[in-house]
Every structure is written in C-alpha cells, then in structure tokens.
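A quick write-up on the structure given underneath.
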Amino acid sequence: MFDLAWLLFILPAVGVLINLFLGDRMEKLLIGLIASVAVGMSFVIGVMLFVNLLTLPVDARSVTVHLWDWITVGTFSVGASLLLDPLSLTMVLVVTGVGTLIHIYSIAYMEDDERFQRYFIYLNFFIFAMLILVLSDNFLGMFVGWEGVGLASFLLIGFWFDRKDDMYGWYADAGKKAFLVNRIGDFGMIVAMAMIWTTVGTLNFIGVNDAAHHQEFTTAAVNVVCLLLLLGATGKSAQIPLYVWLPDAMAGPTPVSALIHAATMVTAGIYMIARTHGLWYEAAFASMTAATIGALTAFFAASIALVQTDLKKILAYSTISQLGYMLLGVGVGVYGAAIFHLTTHAFFKALLFLAAGSVMHATHGVLDIRRLGGMRDKMPTTSWTFLIGAAALAGLIPFSGFFSKDAILLGALAKAPLLYIIGLAAALMTAFYSFRMFFVTFMGKPRDRELYDHLHESPPLMTVPLWILAGLAIIAGVINLPFVLSMEKFLEPALGAHDAPSLTLEMLALLLSLVVGLFGIVMAYSRYRTQENWVTRMAAPFKPLEPWLQNAYYVDEFYMRFIVNPLRRAATWMADVFDKKIIDGLVNGIGSVTMDLGGWTRSLQNGRIPTYALSLFIGVVAVVIYFIFIG
C-alpha cells in the first residue's frame, strides 16, 4: 500500500493537466468537480495510508518510499523519496481533507467568475506543491514544494490582479508583497541547507536529526542553522517581523484565504521546525528565540485584531496570532502540541473564513462589521457555524481550540513562565475579538436596512462544507485524549517524546485558560450586547493605543519609509545614474575610442606611396634605435 503514496500528489497534478488542456471545452461545474475529485481521491488514499500506518508497531511507523535517484553529483546525492510517518500523514490528511471541502465550496462561490478555469488550476497546483512539501524525506525536496506553494500563493492572492480598492490598493501588489517577503525567509532556508550539507554531508531529515542527536554539529553551528531555518519559518508562517504579507493576502478570493492562509501554506514553517526537531533539541538559544518570537507574535497580532472592522482582516490577524502559538509550542519543545494545534486550527479557522465568505456572498462583498448586524435571522446556518468556529478559536471548552491551545500554554508554563503569561494575555484578547466578530455581525439589529433586506443563505455547496468543518471544530479536540488517539503520543515516532508536566501544573494551566477564555467572552458580551460601561472603563487607560492598533502599529509605514522607499530611490539612482552614465558611459566610451582608433588607422591605409615610404622609414628608425640603445 505504501508504494502507492506517489498518487497523493500525482492526482492533483492530473487535475491541473485536465483542466488546463480541456477546461475551455467543459462546463464550469465539470471543471470544479474534476478539481475537487482529484483532491478528494488524494484524501481517500491518505486515509488508507494512515490506517495502514496504525497497523505497524510503534517503532516501525516510519516508511521511506524511494521513487528515483534525483540528483547525484560526486558525493552529493539526493533522491526523490517520500517519508511516510505520523507527522507527514497528519499533514496529508489536513491538506487534502480541508482542501477538498474548500474546492467544493469554491464551485458555488466562484461560479460567476470569468476566470473559473484558471482558479481551479491554481488551486490544484497549490495542493500538489503542498503535498510535495510535507511528503519529501529531505530538505531539497521540501524546498521544491516550499517554493511551489510560494508561487501558488502569488497566483491566488493576486488572482483578481486587475482590481483595486482603498483597503488593498492593486490586488496584484498584494501578491507581489507576499512573494517578495517570503523570498527573505527563503534566503535563510538556502543558507541553512548549505551549512547542513557541508557539516554532515546529507540533507535527509532522518540523517540530519540523527547527526544532531550524536552531536556532529557544534553548539554554535546548530544554533546558526536553526536561526536560519527560523528566518524561513518567520516568512512562510507570518511571524514578527515578516508577517506583513498575510493581512494584505486577504485581497485574494475568500476560499483562498481559508486554504492557504489558515489551513495549509502558513503552517509550512511550523511543520519544517517540527520535522527538524533533532536540530532544535540541541539549539537551546535558537529554540528560546523561536518561542519568544511566537509569544510576541501571538500577543501583537491579537491586539491588532481587537479594533479591526473588516471581517477578513480580523481573521487574518487572528491567523498570525494562532501561528504565534504554534511557534511558541515548537520553541518550548512541545512539538506534538504544536502540530495538534495546527490541525485543530485548520478546521476552525477554515470554517471562520468560509463563513466570512458566505457573508460576503450574501452581501455582495461587504465585510465591514459596522454595516452588518442581525444576520442570524437571515443566515442561520452561517450564523451557527460561525459561532462554533468563534468558540473554538476562543478556546471555549469542549471545542477543539481549548484542548490544543491549552497543551501549548501548558508547555510554555513548564519551560518559560514569562512567555506563558504573554500567551495567556493573548488568549484573553482572542476570546474577546472572537465574540466581538460574532455579536457585531450576527446579533443585534441591522445597521444597514437595505443591505439586510437583500440577505440570503448560501447554497448547499457552500453550507455543507461549513457544517462538516463545524463538526470537526467541535470534536477534533478529543483526538488528543488517551482513550481516543492521543495525538501527541501518536506523533512521538516522528517527533520524539517530551517530559509530561505534573498533574498540578496541568490542572492550573487548564483552569487559568478556561477562566481567561470565559472572561474574554463576558467582556465581549457586556460591551457589544448589553452595552455595559465597565468594559469601556477598564479599557480607558489603553485608549491612546487605539490609533496604533487601527494602523497595525504603523509597521507597514515603517517598512515603506525606512526600507522600501530608500531601496526604490537607490534602484532609481542605479538605473538613471550609475547604469546610464557610468556603465553605459564606460561601454560607449570604449566603443568611441575603438572607433576613433579604427578611423585613424584606416586613414593610414590610403594607397599613397609617400605614406607607405614614411611608414617604412619610421619602422627602420625604430629598429635601429632598439639595437643601439636597448639591444
């Protein structure tokens, strides 16, 4: 069965080829069905491989499938091979499972778009690249998928490249921004791979982790390598300071936001760190740096989400915040908890984005929560499913987000109490803005009567995926319980085991998470449903920060002023002055001198006897002088 693993990424590639060459002759529904079935079949194969893996002994749950010899140059050898273990197959199920639902949802959401065929080609290509990323058994193969999802995200974020609005500017610029910011992180990945190869002579994940375990890296080298990998993860997984591309990525179609920027691509950096856990175990400084960046990102993005008014922008900053939790988890060494949160987050955040898309579908693009309100009566399915997603995001028991976020905070409490406090503060803000979204959008009275009167529930192709994701958001947390699957234990063959904290510490973390989450919900209810003043009074000392939060701490403005604009001015000077006057001047000057010398030489070849006689005379004189004074 494992020998059929190559079908996982070949099927989406077949979907790309069919729709690319035959799509212009097919109906839109058939195009969408072909793309959806291709990913759905990959999900089925993933489930079969997952079940087969469970039948193996725990210590044998790592299977390498060699496809062909890829690159062999001297001692450098990299194969095209797939690594099937609990980590890779968990990622496969998340990517293909959530991906299938989003493909189905997109059939209805994108039905009126003139680029329908192109959209599904891009979507299938993204799944293809993401599966290569998570299945490869070596850094180089993973990097091919890494760059593939970067290209796919560029194409999908800028899908409506000819559109422009006040929030995003030209949508094409949002795609370019994502592409360029991620190239900064990719530089770190490339240098890290070069260092790993020169140190241990392999790019195979198992070989690299074993080499780190046997301390073939010096302490300095392993920390430098991990910091370079962290740069890559910071770009792809939208952490401080490279998170700025993700809010602008909301310019793309909403299902794209659900797939790429909630469930799959942005988690690639977290997956990469978990996959190289052997290196991070030996790199204490780099690990603590990652944990600190993760905690600060979680807090920073959650605070921005508190005051945003666009539904997708709130969810975008929420995604950045939740990715911060995942980085905090891998930073403090609870890799299983981080992957568990990655999984649950894929369900409830994809649900929230698709529910936002349902709102957008009904309001013809309006997502400003100040114009919404009272939508529960007109859109009950969207309302209920959004509420479930918000409860999971807020960490309300018994929803999935409570179990996974609590596992990360427990790990932080045991290893880095200060980072735990920052994470707990972010959890309070998360609960508040989660239910702020729900109360303002779906409860109360309509704020725009004309908009409200035209509301309607979305078609079944959109609401059925919402209910499936809502069910997963409710029950996914229990898969980590010992009597179900114990996901952290299941992942141990790929990620290793970590010491469990004491029961007392676990109960304390659980209780604090629950209290903080409930308090955040009560604050949101009091502020936006009963309009009680105590919340406003409590927030009064932070009022001066509101302009900073509304403008995302002016980070984009800082980058534009101190990085982008100076680089543009330097590039303009290079093009207009250095290139034209120095480079072109040098080249043109050499050409002019050559032409002048050629003209002068040509004038000597005039066919006149006196000129040739003079030349002979000068030659004779030169020879005589040489022999008298030199020879």
Side-chain angles (χ1 to χ4, degrees), residues 94 98 233-234 236-240 242-243 246-247 249-250 257-271 273-274 290-291 293-306 308 312-332 334 337-356 388-396 399-409 411-412 419-420 422-437 469 472-473 476-477 513 516-517 520:
V94 170
V98 175
T234 299
K236 195 68 76 181
S237 293
Q239 301 294 299
I240 293 173
L242 300 180
Y243 71 91
L246 197 147
M250 299 302 107
S257 302
L259 179 63
I260 297 182
H261 308 115
T264 51
M265 188 192 90
V266 291
T267 61
I270 308 302
Y271 165 79
I273 293 178
I293 290 174
L296 292 176
T297 300
F299 182 91
F300 183 84
S303 67
I304 297 173
L306 291 173
Q308 299 300 307
K312 283 179 67 175
K313 275 292 182 76
I314 299 172
L315 293 174
Y317 283 108
S318 171
T319 298
I320 297 170
S321 181
Q322 296 305 302
L323 290 166
Y325 277 111
M326 297 175 209
L327 189 62
L328 171 62
V330 293
V332 298
V334 287
I339 297 300
F340 178 39
H341 191 54
L342 182 157
T343 303
T344 61
H345 176 261
F347 299 146
F348 64 73
K349 187 55 65 66
L351 168 62
L352 288 169
F353 268 113
L354 294 185
I388 292 169
L393 174 60
L396 192 63
F399 298 91
S400 59
F402 169 79
F403 294 95
S404 57
K405 189 187 298 181
D406 179 68
I408 291 174
L409 289 175
L419 298 183
Y420 168 78
I422 296 173
L424 201 62
L428 173 64
M429 292 186 284
T430 301
F432 179 82
Y433 71 66
S434 297
F435 277 82
R436 170 180 177 257
M437 285 190 293
L469 288 168
L472 291 170
S513 295
V516 164

(message) Could you check whether any side-chain heavy atom of Phe402 comes within less than 4.5 Å of a side-chain heavy atom of Leu396, counting everything from C-beta outward?
(response) no

(request) Taking the side chain as every heavy atom from C-beta outward, state whether Pro247 and Ile320 have any pair of such atoms under 4.5 Å apart. (result) yes

(message) If I compare all heavy atoms of Ala274 with all of Ile339, which pair ends up nearest, and what's the gap?
(response) CB-CD1, 3.9 Å

(request) May I ask you to decide if Ala298's main-chain N or O and Ser321's side chain share a donor-acceptor pair within less than 3.5 Å? (result) yes

(request) Using a 4.5 Å cut-off on heavy atoms from C-beta on, say whether the side chain of Leu315 contacts that of Met437. (result) yes

(request) Measure across Ala392 and Phe399 and return the closest heavy-atom pair with its distance rounded to 0.1 Å. (result) CA-CB, 3.7 Å

(message) With a 4.5 Å cut-off on side-chain heavy atoms, are Phe353 and Leu259 touching?
(response) no

(request) Quick one: closest heavy-atom pair of Ala337 and Ala407, and the distance? (result) CB-CB, 3.7 Å

(message) So Leu472 and Leu351, do their side chains get closer than 4.5 Å, heavy atoms only?
(response) no

(request) For Tyr243 and Thr297, test the side chains for any donor-to-acceptor distance below 3.5 angstrom and give the result as yes or no. (result) no

(message) Determine whether a donor-acceptor pair (N or O, by modelled atom type, separation under 3.5 Å) exists between the side chain of Lys405 and the backbone of Leu393.
(response) yes

(request) Give a yes or no on this: more than 12 heavy atoms of other residues, nucleotides or ligands lie within 6.0 Å of atom CZ of Phe300. (result) yes

(message) Any non-hydrogen side-chain atom of Ser257 less than 4.5 Å from a side-chain atom of Lys312?
(response) yes

(request) Would you indicate whether the side-chain heavy atoms of Val98 and Thr264 approach each other to under 4.5 Å? (result) no

(request) To the nearest 0.5 Å, tell me how far Leu469 CG sits from Ile388 CD1. (result) 10.5 Å

(message) In the structure I gave you, are the side-chain heavy atoms of His341 and Ile270 within less than 4.5 Å of one another anywhere?
(response) no

(message) Just verifying a value: how many Å separate Leu409 CG and Tyr325 OH, rounded to the nearest 0.5 Å?
(response) 5.5 Å

(request) Indicate the atoms forming the closest heavy-atom contact of Ala338 with Val330, along with that distance. (result) CB-CG1, 3.6 Å

(request) Of all the heavy-atom pairs spanning Met250 and Ala316, show the shortest one and how long it is. (result) CG-CB, 3.7 Å

(request) Measure the spacing between CG of Leu306 and CZ of Phe432 and express it to the nearest 0.5 Å. (result) 6.5 Å

(message) Please verify the inter-ring angle class for His345 with Phe348; under 30° counts as parallel, over 60° as perpendicular, anything in between as tilted.
(response) perpendicular

(request) Tell me yes or no: between the side chains of Ser318 and Lys349, is some donor less than 3.5 Å from an acceptor? (result) yes

(message) To the nearest 0.5 Å, what is the distance between CG on Leu246 and CD on Gln239?
(response) 10.0 Å

(message) When you compare the side chains of Thr344 and Ser404, does any donor N or O come within less than 3.5 Å of an acceptor on the partner?
(response) yes

(message) Could you report the tightest heavy-atom contact between Ala394 and Ser434, atom names first, then the distance?
(response) N-OG, 4.0 Å

(request) Hey, could you give me the OG1/CD1 distance between Thr234 and Ile293, rounded to the nearest 0.5 Å? (result) 5.0 Å

(message) Let me confirm one number: the CG-CZ distance from Leu424 to Phe299, rounded to the nearest 0.5 Å.
(response) 11.5 Å

